[in-house]
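Just so you know, ligand 1 is whichever comes first in the structure, and atom 1 is the first atom listed for that ligand. All residue numbers in this chain count up from 1 along the given sequence. Scope of the values below: all heavy atoms of this structure, side chains included, with no hydrogens, waters or symmetry mates.
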Amino acid sequence: MIISAGADHGGFELKDKLVGFLREKGFKVIDNGTNSPDSVDYPDYAKAVAHDILEKRADFGLLVCGSGIGISIAANRFKGIRAALVTNSDHARLSREHNNANVIALGGRFTSFEDAAKWLEIFLSTPFEGGRHERRIAKLDE
Ligand code: RB5
């Protein structure tokens, strides 16, 4: 499984730790940056990750900004991207089971590495339930 990761300056520290965590677990990770505290614009990183998924270079995306809000909004502008801002374990599970989310978005200034790693593992290991949710997801892209 290939994960595309991206973050702005508000999220790069958490993103970098999660990239290391994923690589230790055996995932292949495309790290789109940013990799420093210098101020950047989160839509640029959401765009890079969205393109990796839509062009099939990655299976899932990981996006982190300060709150997780801006970068999830940006990612959801791309048709076919379903980015979920996750703030607890149930969100991580439900975003996969019901929404077939293909991007997990996190708030780097509000999330510990321990919580983020746990939510990421839930996100990546939970299958989409399909059924009635399939119809709803199809309507997102109409
Ligand atoms: C950057 O300061 C901050 O606005 C950004 O990381 C994010 O929280 C936006 O939603």
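Of all the atoms in ligand 1, the ones that sit under 4.0 Å from a non-hydrogen atom of C65 are 6 (O), 7 (C), 8 (O), 9 (C), 10 (O). Every atom of ligand 1 with a heavy atom of G66 under 4.0 Å away is listed here by number and element: 5 (C), 6 (O), 7 (C), 8 (O). Within the listing of ligand 1, atoms 1 (C), 5 (C), 6 (O) sit less than 4.0 angstrom from a heavy atom of D8.
Geometrically, ligand 1 and G70 share a nitrogen or oxygen pair separated by less than 3.5 Å. For the pair Y42 and ligand 1, the shortest N or O to N or O distance does not fall below 3.5 Å.
A distance below 6.0 Å separates the ring centres of F60 and F123. When ring centroids are compared, H98 and F128 stay outside the 6.0 Å threshold.
In terms of heavy atoms, I71 sits closest to C65 at N-SG, 3.6 Å.
Of the protein's heavy atoms, R109 NH1, 3.3 Å lies nearest to atom 2 (O) of ligand 1. The nearest heavy-atom contact from the protein to atom 1 (C) of ligand 1 is H9 NE2, 3.5 Å. Remark: minimum distance from atom 8 (O) of ligand 1 to any protein heavy atom is reached at S67 N, 2.9 Å.
Annotation: side chain of D44 is not in contact with side chain of K47 (no heavy-atom distance under 4.5 Å). Proximity of F113 to L18: side-chain heavy atoms (C-beta onward) are separated by under 4.5 Å at one or more points. Counting heavy atoms from C-beta on, the side chains of F12 and V64 never come closer than 4.5 Å.
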Original post:
Going through the distances and angles, do E129 and R96 end up as a salt bridge (charged side-chain N to carboxylate O under 4.0 Å, His left out)?
Top reply: CA-CA 8 Å; E129 271 182 13; R96 291 288 309 128; over 6 Å; no
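Remark: atom 10 (O) of ligand 1 lies closer than 4.0 Å to at least one protein heavy atom.
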